[in-house]
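Notes for the one structure printed next.
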Amino acid sequence: MQNKFYPHLASPITINGLTFKNRILGAPMSNPEMDPDCHMRKEEVAFHENRARGGMASVAIGLGIVDPDGRTHTKEVKLYDVMSLPSLKEAADAMHRHNCRAVMELAHGGKYAGARSHGDNTIPKVYGPNDEINPEGLQVTAMTEEDIERIAGLFGQAAALCKQAGFDMILIHGGHGWLLAQFMSPSMNHRTDRWGGSLENRMRFPLLVVQKVREAVGPHYPIEFRMSGAELIEGGYGLDEGIEMAKMLDGKVDLIHVSAGVHEDPSAFVVTHPSMFIEHGCNVYLAAEIKKHVKTPVATLGGLNDPDMMEDIVASGKADIVELARQSICDPYFPEKAFSGQADDITRCCRCFTCFYNYLTNRTFCCAFNPVVGHELASFSGAPATTPKKVVVVGGGPGGMEAAITAAGRGHAVTLYEKNDRLGGQLLSEQYIPFKQDMYNFVKVLSGRLQKAGVDVRLGQALTPAQAAALEADVIIVATGAQPIVPNIPGVDGPNVATLDALHQPEPALGQKVVILGGGLVGSECAIYLDGLGKEVTVVEMKDDWASDAYFMHKNAMKVYFEKSKVRICTRATAKAITDKGLVCDTPDGEALFEADTVLLAAGMKPDRAAADDFFNTAPRVFQVGDCLKAGRVVDAVTLGYYRALDI
């Protein structure tokens with residue numbers, strides 16, 4: 001029977017005898033942390049199991065490394081170590097509990113191996129197509145015939161280990177600039193023997209790996225091959241050659257997974273892992289064109305978060321399967337929601353790189369919108385209240401909304417007071433910014449959840465501490481937000497000065513020539529928005545660098561945008577005054593006037609501590625969450641709101 005909401009997306013597909021229950025597969029996602037022996041802990045297994053529980057047809061664990069000399073960091077499963085078998089078996093069993101197929105990605109870092117510390121002070125031997133020095137300054141040794149045969153055999157041995165552990169499909173990583181892709185790439189493979197030069201020669205090693213894996217797992221075991229449909233770098237191959245590569249793989253593998261780019265190239269990275277400044281489904285065209293030339297099923301991916309778009313991709317024949325990773329972090333349950341007619345409750349990934357940042361720096365799972373991620377084993381998550389209480393939430397931003405929803409879901413009687421006539425807090429400024437629509441959608445999702453949870457929402461009511469005390473609540477959660485920082489300079493209250501409130505409308509109330517005072521994350525994103533509207537934009541920042549508060553991957557995405565734009569960024573410039581001609585600043589070169597029709601204030605936010613502290617002692621228990629505690633990011637507000645509600 002067809003699903004009435006998404007008939008094509010929800011339809012099963014059989015690949016080499018293995019049936020997948022729908023067309024949504026979990027793209028490979030590696031583990032942020034492992035045990036000291038680089039085996040998966042129960043925390044990692046629980047994270048992947050939660051993705052399986054939400055309804056995806058399969059979940060792939062990323063970067064299983066086939067060779068100790070192929071490791072790029074310490075977060076990779078050691079598939080060359082038989083002692084990985086117990087945790088692999090546990091992970092496969094966890095997927096199977098939810099009728100979800102378990103997939104393992106096989107990879108080798110090639111010339112990028114040894115790029116991150118393994119903590120043992122040893123200098124690894126680094127292999128690649130050529131003799132060269134890699135970006136980390138390590139000597140790369142060109143692989144000999146013996147090396148090529150040996151490493152291809154290691155791929156086969158790793159595949160056999162995964163099959164023994166109960167994994168249902170193997171994914172060979174031949175994209176993104178890792179070892180196989182290094183041989184495939186004309187920009188990275190400079191060999192003159194039978195392993196380099198012509199396309200046939202460059203594909204010889206990847207095809208040998210496919211052969212060894214097939215020999216190891218047998219004819220009736222699915223093999224997926226991940227490739228970049230185009231490298232998107234100078235000197236790299238384009239779609240035409242990507243098509244020829246796919247044709248050479250056709251019939252030898254069971255699923256061709258078409259990605260894009262080279263992971264280690266900053267400009268291509270933001271397409272491999274699409275930033276919010278790139279359209280959703282940006283890489284689908286690669287899979288759609290390749291599909292015209294092969295008989296093997298084709299999978300696509302690239303910033304997908306909308307089931308309507310996914311349905312169209314499959315229904316129109318652009319691809320047989322869609323794969324996604326970050327969306328399954330943001331809302332692991334989105335397939336079940338889509339297929340059961342609850343698509344309006346899907347939290348859509350806003351591609352803010354919160355997950356990437358925490359994965360690489362804090363070595364944890366994290367999401368700006370999903371406070372449960374990384375805490376799947378916590379026994380208190382979602383626990384019902386022992387004694388239902390009367391709860392009042394003051395403030396309807398994301399932190400207050402999340403607190404209200406969570407408290408009501410645990411059985412408490414919750415009333416939320418918001419002084420404005422709309423919910424959303426600081427996220428309301430995202431409504432008309434094209435690349436922030438997924439963030440604004442979060443406001444709509446939370447609003448719907450408030451209603452479903454039975455929260456009594458009082459809009460347009462600025463609750464005072466005295467009024468709050470008169471309600472005789474058991475718990476008051478204060479989420480009153482922060483106030484914009486207004487520089488104390490002459491002219492700051494002039495008619496040509498605007499705050500971020502000017503963006504709360506379809507056409508921002510700004511002149512043609514805009515100077516943004518404040519080049520942090522918010523000011524930089526405003527510059528991109530206004531540049532997209534055709535305005536002349538200058539960003540003025542007093543620090544040595546712009547967007548110093550941005551996640552480095554998000555900053556890289558902005559940098560890629562700015563390099564192609566007309567936005568002017570001036571750092572080490574301290575504002576002195578605003579005149580009718582623009583912004584006057586002290587710069588390293590002396591006093592300068594930045595001409596402007598409008599000066600837009602984006603100097604940051606500060607918590608209104610006095611107003612928030614006035615609510616102390618208005619109830620037996622008073623919590624503070626969000627920007628009223630410390631001006632920060634959405635992830636901080638949502639996470640604290642969620643866990644404070646669990647404390648009740």
Side-chain angles (χ1 to χ4, degrees), residues 6-28 56-58 60 101 103 105 169-176 180-181 184-185 199 202-203 206-207 210 214 222-232 236-261 268 271-272 274 278-325 327 335:
Y6 297 98
H8 296 88
L9 194 62
S11 63
I13 184 171
T14 299
I15 299 174
N16 194 358
L18 183 71
T19 299
F20 293 77
K21 62 186 179 183
N22 58 55
R23 305 299 181 97
I24 305 175
L25 274 58
M56 288 194 295
S58 71
R101 303 301 186 183
V103 180
E105 180 182 59
M169 184 165 71
I170 289 301
L171 191 163
I172 301 172
H173 199 340
H176 300 174
L180 303 192
M184 295 162 70
S185 170
L199 176 60
R202 285 184 278 122
M203 284 296 291
L207 290 174
V210 171
R214 178 60 71 198
I223 299 174
E224 180 179 3
F225 191 93
R226 177 184 240 187
M227 63 174 288
S228 293
E231 287 191 287
L232 307 176
Y237 67 81
L239 176 55
D240 288 344
E241 202 161 45
I243 291 170
E244 295 305 313
M245 292 173 174
K247 288 164 68 173
M248 297 172 77
L249 292 163
D250 195 20
K252 297 180 176 64
V253 298
D254 305 297
L255 179 61
I256 298 175
H257 168 145
V258 183
S259 186
V271 182
T272 301
I278 299 175
E279 68 274 10
H280 290 287
C282 59
N283 296 323
V284 173
Y285 76 99
L286 297 168
E289 192 59 37
I290 284 174
K291 182 169 167 54
K292 297 175 184 177
H293 300 272
V294 298
K295 295 180 181 179
T296 302
V298 172
T300 190
L301 74 173
L304 300 173
N305 69 356
D306 179 1
D308 290 342
M309 177 179 285
M310 299 177 204
E311 172 73 10
D312 177 72
I313 289 169
V314 177
S316 63
K318 295 184 180 73
D320 302 285
I321 283 169
V322 296
E323 299 205 20
L324 17 90
Q327 176 57 33

Could you pull out all residues at least two apart from Ala230 that satisfy side-chain contact (heavy atoms from CB on, under 4.5 Å)? Leu232, Leu286
When rounded to the nearest 0.5 angstrom, what is the spacing between [atom1] in [X] and [atom2] in [Y]?
X      : Y      : atom1 : atom2 : result
Asn22  : Ile321 : CG    : CD1   : 9.5 Å
Leu249 : Ile256 : CG    : CD1   : 5.5 Å
Leu25  : Leu171 : CG    : CG    : 9.5 Å
Met169 : Arg101 : CE    : CZ    : 10.0 Å
Met227 : His176 : CE    : NE2   : 10.5 Å
Ile15  : Asp320 : CD1   : CG    : 8.0 Å

Intermediate values then yes/no, side chain to side chain contact (heavy atoms under 4.5 Å, CB included), Phe225 and Thr296: CA-CA 11 Å; Phe225 191 93; Thr296 302; over 6 Å; no
Short side-chain to backbone donor-acceptor contact, [X] and [Y], under 3.5 Å:
X      : Y      : result
Tyr6   : Pro335 : no
His280 : Gly303 : yes
His257 : Ser259 : no

Kindly give the heavy-atom pair with the smallest separation between [X] and [Y], and that separation in Å.
X      : Y      : value
Gly302 : Asn283 : CA-ND2, 4.1 Å
Ala268 : Gly261 : CB-CA, 4.2 Å
Gly174 : Ala181 : O-CB, 3.5 Å
Thr300 : Val284 : OG1-CA, 3.4 Å
Leu304 : Gly281 : CD2-CA, 3.6 Å
Ser58  : Phe20  : CB-CE2, 3.8 Å

Restricting to salt bridge (charged side-chain N to carboxylate O under 4.0 Å, His left out), what partner residues turn up for [X], sequence neighbours left out?
X      : result
Lys295 : none
Lys21  : none
Lys252 : none
Glu224 : none

Would you check if [X] and [Y] make a side-chain contact, meaning some heavy-atom pair closer than 4.5 Å?
X      : Y      : answer
Ile223 : Ile172 : yes
His173 : Pro28  : no
Lys292 : Ile243 : no
Ser185 : Arg202 : no

For residues 297-306, which residue pairs pass the salt bridge (charged side-chain N to carboxylate O under 4.0 Å, His left out) check, not counting sequence neighbours? Asp306-Arg348
With sequence neighbours excluded, residues passing side-chain hydrogen bond (donor to acceptor under 3.5 Å, both in side chains) with [X]:
X      : answer
Glu105 : Arg226
Thr272 : none
Glu244 : Lys247
Asp254 : Asn16, Arg214

Apply salt bridge (Lys or Arg N to Asp or Glu O under 4.0 Å) to the pair Glu323 and Arg23, showing each step before the final yes or no. CA-CA 8 Å; Glu323 299 205 20; Arg23 305 299 181 97; over 6 Å; no
Please determine, by modelled atom types, if Thr19 and Thr14 share a side-chain donor-acceptor pair under 3.5 angstrom. yes
Might you work through the side chain to side chain contact (heavy atoms under 4.5 Å, CB included) test for Val322 and Met309, ending with a clear yes or no? CA-CA 10 Å; Val322 296; Met309 177 179 285; over 6 Å; no
Donor-acceptor contacts, no H, no angles, side chain residues 311-318, under 3.5 Å, sequence neighbours left out:
{"unit_1": "Glu311", "atom_1": "OE1", "unit_2": "His8", "atom_2": "N", "d": "3.3"}
{"unit_1": "Glu311", "atom_1": "OE1", "unit_2": "Leu9", "atom_2": "N", "d": "2.8"}
{"unit_1": "Glu311", "atom_1": "OE2", "unit_2": "His8", "atom_2": "N", "d": "3.1"}
{"unit_1": "Glu311", "atom_1": "OE2", "unit_2": "His8", "atom_2": "ND1", "d": "2.8"}
{"unit_1": "Asp312", "atom_1": "OD2", "unit_2": "Lys318", "atom_2": "NZ", "d": "3.3"}
{"unit_1": "Ser316", "atom_1": "OG", "unit_2": "Asp312", "atom_2": "O", "d": "2.6"}
{"unit_1": "Ser316", "atom_1": "OG", "unit_2": "Ile313", "atom_2": "O", "d": "3.4"}
{"unit_1": "Ser316", "atom_1": "OG", "unit_2": "Lys318", "atom_2": "NZ", "d": "3.0"}

